[in-house]
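Single-structure report; data block below.
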There are 2 protein chains.
Amino acid sequence: MTSSRPRPATIGDIARRAGVSTAAVSYVLNDAPGGARIPEETRERVRAAADEMGYVPGAGARSLRTGARDLVLYVRSDAAQGPLASEFLHGLSRALRGLGYTLMQYGAERDRGLEAARAWAALRPAAVLADDDRLTRAGVELLAKGGVPVVGLGSDPERARGTGLSTLVMDHRAIGRAAGRHLAGRGYRDLAAVLPAGPPLRAMGGERVEGVREAAAEAGAAVRVHDMAYSPESAAEVVAGWREEGLPRGVFGYNDEFSGLLLGALLDAGVRVPEEVGLVGADDLVLCRMLRPALSSVRMDGESSSATALRIAEVIAGGAEVHLSPWTPVPVRRAT
Amino acid sequence: MTSSRPRPATIGDIARRAGVSTAAVSYVLNDAPGGARIPEETRERVRAAADEMGYVPGAGARSLRTGARDLVLYVRSDAAQGPLASEFLHGLSRALRGLGYTLMQYGAERDRGLEAARAWAALRPAAVLADDDRLTRAGVELLAKGGVPVVGLGSDPERARGTGLSTLVMDHRAIGRAAGRHLAGRGYRDLAAVLPAGPPLRAMGGERVEGVREAAAEAGAAVRVHDMAYSPESAAEVVAGWREEGLPRGVFGYNDEFSGLLLGALLDAGVRVPEEVGLVGADDLVLCRMLRPALSSVRMDGESSSATALRIAEVIAGGAEVHLSPWTPVPVRRAT
DNA sequence: TTGAAAGCGGTACCAC
DNA sequence: GTGGTACCGCTTTCAA
């Protein structure tokens with residue numbers, strides 16, 4: 001008497017229960033033109049049967065038959081968390097739904113390259129959006145062979161151009177430039193910038209530092225660069241180093257969170273902020289307004305994220321190659 | 001000459017190219033026992049063909065044929081962000097993969113209830129994990145009819161017991177209790193607790209406040225409750241209110257982020273923390289160690305998240321009803 | 001007006 | 001030993 005787990009009802013079950021053919025069921029449930037002249041009474045019966053049995057057509061069998069692909073895969077590392085990414089995700093999801101696609105986040109695992117591409121391809125998606133570090137040449141090629149457009153999140157547009165790979169990037173160099181100019185604009189000439197130690201953030205950090213360097217060069221300022229991990233201890237070490245070799249006048253802390261750590265360490269060391277050291281983060285999180293003194297930052301402005309999402313959705317639908325960089329950095333001056 | 005988008009290669013394509021039957025292709029690629037005696041030379045040819053054409057078997061057709069369901073849906077609101085949720089997600093994903101399942105995050109949209117359940121059911125998942133606010137009686141029933149177990153994230157275990165709905169909860173009351181005891185343990189008898197204004201957080205907030213009340217009752221302390229939105233302005237209002245009616249001695253700020261806002265507002269108002277007002281958050285984010293004075297908090301300890309994940313995976317595999325609450329709150333005393 | 005049947009891409013039974 | 005073929009659930013053409 002082991003009642004095994006119930007299986008979902010099939011169209012055949014409904015047809016049998018309603019005493020009609022499977023075709024009739026399909027017609028009624030999709031109110032398809034093919035079965036335009038099915039009497040209301042029959043329709044009623046079919047709908048009732050479907051309802052009672054909790055029938056929902058299986059997406060797999062359906063898309064196997066129709067050939068429609070409506071799945072969009074979104075593969076992200078955790079690095080891309082926070083309100084900005086989250087808002088973007090929502091806008092994208094909404095825009096895609098409006099166009100008949102379904103967005104799914106896939107791969108909390110670290111799979112990448114060809115292996116990952118095979119897993120994605122097996123799902124026959126309409127498109128794949130993936131963090132750059134998940135993508136390899138071979139992987140993108142495999143997907144392309146199956147007609148699956150790929151959008152590289154954070155991929156270098158220059159390297160991608162002409163390869164069929166679309167890109168969506170945040171201009172980290174511009175963020176660094178904005179931060180650097182903010183600092184230089186206050187008259188600071190002795191600058192320091194922080195480079196996150198971990199692999200996922202390091203690449204972005206490098207770009208941001210480059211931007212700071214550009215801004216410093218414009219203003220004739222010097223820039224020191226320091227490795228730092230995301231921990232209070234590491235922040236304290238950086239500050240201790242500064243105490244020895246001399247405090248920088250202005251600091252770009254990579255982002256608000258690293259800057260928050262740095263601020264704590266500076267205050268612990270008895271350094272007055274901003275009188276002795278100015279500090280600027282990036283992302284303009286609410287965190288900036290929790291800290292005292294309140295943290296200056298760089299906000300990312302841009303077309304509404306759903307507008308961006310819409311453009312991406314068009315790529316997906318059209319299959320063209322595009323390169324998007326929809327955010328503009330805007331310095332936000334606060335106490336530090 | 002409009003070269004339409006390429007379609008993925010099918011098993012038939014490979015068979016034709018390799019000059020064998022589709023059956024042979026299937027056997028070779030899955031090295032299935034059925035085709036044990038296919039000569040190595042033929043296998044080679046098949047593999048080569050598959051490779052050249054970038055063939056990957058479609059998961060849809062495969063599971064249609066085999067009847068296997070390997071998809072686990074994870075439906076979460078953004079409310080559940082942060083390192084804890086993220087770590088849990090990873091552990092879960094890994095554990096499930098080990099058992100042959102694939103975890104996908106679905107539904108950035110706000111769909112809920114029966115409508116959402118239909119969408120999930122169409123994917124023929126092995127199980128659905130969803131935030132409680134997405135679930136309705138009818139929705140869970142629909143899924144159950146199709147043999148799909150549901151785990152309610154944050155659902156009340158008491159109400160769920162016996163309905164077939166599994167639950168995974170964080171014990172918010174216990175968090176509040178831990179925070180309240182921490183405060184009372186410092187000798188504070190005039191307590192205040194914050195209740196987040198928004199709908200997603202409010203329910204949890206209510207539970208936490210209840211916990212604070214319990215701890216206060218034990219110690220003979222009083223508790224005031226204040227609505228607050230997640231903004232510096234709202235925090236300032238709360239503090240202004242306190243200035244008028246008298247400062248509380250100890251404050252539970254719902255979580256670290258609300259507490260951070262409160263801390264900023266308190267300092268702005270010239271209140272000395274912790275000399276005049278003690279403050280405790282919850283979650284033990286890195287944020288606590290950015291703030292000065294460093295924020296006391298309540299950390300969530302528990303069995304490793306992958307162990308929890310494993311138990312959930314068993315539910316999925318077995319279809320049984322379980323009620324999990326694997327986290328234990330632990331006060332973390334810092335400067336505030 | 002209704003329904004039989006073909007076929008989507010796979011797997012695996014079973015007859016050659 | 002091999003590979004033809006039935007079949008999974010569903011849509012849609014076409015004939016009755």
Side-chain angles (χ1 to χ4, degrees), chain A residues 6-46 49-50 53-71 118 121-125 146-147, chain B residues 6-46 49-50 53-71 118 121-125 146-147:
Chain A
R7 317 260 319 155
T10 71
I11 197 171
D13 296 333
I14 309 303
R16 221 164 302 127
R17 193 185 236 266
V20 298
S21 72
T22 61
V25 175
S26 179
Y27 287 142
V28 170
L29 262 27
N30 305 329
D31 48 23
R37 293 278 149 261
I38 296 176
E40 188 55 37
E41 189 226 351
T42 305
R43 304 179 103 89
E44 216 57 62
R45 224 168 352 117
V46 169
M53 308 195 68
Y55 173 67
V56 181
R62 169 177 295 187
S63 73
L64 177 58
R65 174 65 239 224
T66 63
R69 10 229 82 197
D70 72 323
L71 176 67
R118 303 185 125 265
L123 298 168
R124 300 284 186 260
Chain B
R7 317 259 317 156
T10 71
I11 196 173
D13 296 333
I14 309 304
R16 222 164 302 128
R17 193 185 235 266
V20 298
S21 73
T22 61
V25 175
S26 179
Y27 287 142
V28 170
L29 262 27
N30 305 330
D31 49 24
R37 293 279 148 258
I38 296 177
E40 187 54 36
E41 190 227 350
T42 305
R43 302 178 106 86
E44 215 56 65
R45 218 157 7 105
V46 169
M53 307 193 71
Y55 172 67
V56 180
R62 185 197 298 249
S63 73
L64 176 58
R65 175 64 242 220
T66 62
R69 358 214 67 103
D70 73 323
L71 177 67
R118 303 184 126 265
L123 298 168
R124 300 285 186 260

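Labels below follow one simple rule: chain letters A, B, ... track the order of the sequence lines, proteins then strands, and each chain is numbered from 1.
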* Nearest whole angstrom, please: distance from the P of dT11(D) to the CD1 of I38(A). => 13 Å

* Atom CG of D13(A) to atom P of dC8(D): distance rounded to whole Å? -> 12 Å

* Structure fact -> When every non-hydrogen atom of A15(A) is compared with those of T22(A), the smallest separation belongs to CB-N, 3.6 Å

* Of all of residues 16-28 of chain B, which get a heavy atom below 4.0 angstrom from DNA chain D, listed by number? -> S21(B), T22(B), A23(B), Y27(B)

* Structure fact -> Of P39(A) and V56(B), the one whose nearest nucleotide on DNA chain C sits closer to the 5' end is P39(A)

* Asked: What's the shortest heavy-atom distance between A68(A) and S63(A), and which atoms?
  -> O-CB, 3.2 Å

* **Distance, rounded to the nearest Å, where R65(B) contributes CZ and dT5(D) contributes P** => 16 Å

* NA contact type, G58(B), heavy-atom cut-off 4.0 Å: base, sugar-phosphate, or nothing? -> sugar-phosphate

* Structure fact -> Rounded to whole Å, CG of L29(B) lies from P of dG3(D) at a distance of 15 Å

* Asked: With sequence neighbours left out, which residue pairs that include part of residues 14-30 of chain B fulfil the salt bridge (charged side-chain N to carboxylate O under 4.0 Å, His left out) condition?
  -> D13(B)-R16(B), R17(B)-E52(B)

* Nearest-Å distance for atom pair CZ/C1', residues R43(B) and dG3(D) -> 14 Å

* Atom CZ of R43(A) and atom CG of L29(A): how far apart are they, to the nearest 0.5 Å? -> 10.0 Å

* Between atom CG in L64(B) and atom P in dT11(D), what is the gap in whole Å? -> 12 Å

* **For I11(A) against V25(A), the heavy-atom pair lying closest together** => CG1-CG1, 3.6 Å

* Asked: Does a nitrogen or oxygen in the side chain of R124(B) sit under 4.0 Å from OP1 or OP2 of dC10(D)?
  -> yes

* Structure fact -> Bend of the helix from dT1(C)-dA16(D) to dC16(C)-dG1(D) from end-axis comparison, five pairs per end, nearest 10°, comes to 60°

* For Y55(A) against I14(A), the heavy-atom pair lying closest together -> CB-CD1, 3.5 Å

* Quick one: list whatever passes side chain to side chain donor-acceptor pair (under 3.5 Å) with E41(A), sequence neighbours left out. => none

* Structure fact -> Between P8(B) and R124(A), the two heavy atoms sitting closest are CG-CD, 3.7 Å

* Asked: Is there a side-chain contact between R45(A) and V28(A), using heavy atoms and a 4.5 Å cut-off?
  -> no

* **Set of residues satisfying side chain to side chain donor-acceptor pair (under 3.5 Å) with respect to R62(A), sequence neighbours excluded** => none

* Name the residue closer to the 5' end of DNA chain D, choosing between A32(A) and P8(A) according to the nucleotide with the nearest heavy atom. => P8(A)

* Enter the distance from L123(B):CG to R69(B):CZ here, rounded to the nearest 0.5 Å. => 11.0 Å

* To do: Please report, rounded to the nearest Å, how far the P atom of dC10(D) is from the CG atom of L123(B).
  => 13 Å

* Asked: Rounded to whole angstroms, how far apart are CD1 on I14(A) and P on dC10(D)?
  -> 9 Å

* Structure fact -> Note: chain B reaches DNA chain C at heavy-atom distances under 4.0 Å over the stretch, first to last nt, 5' to 3', of dG9(C) to dC13(C)

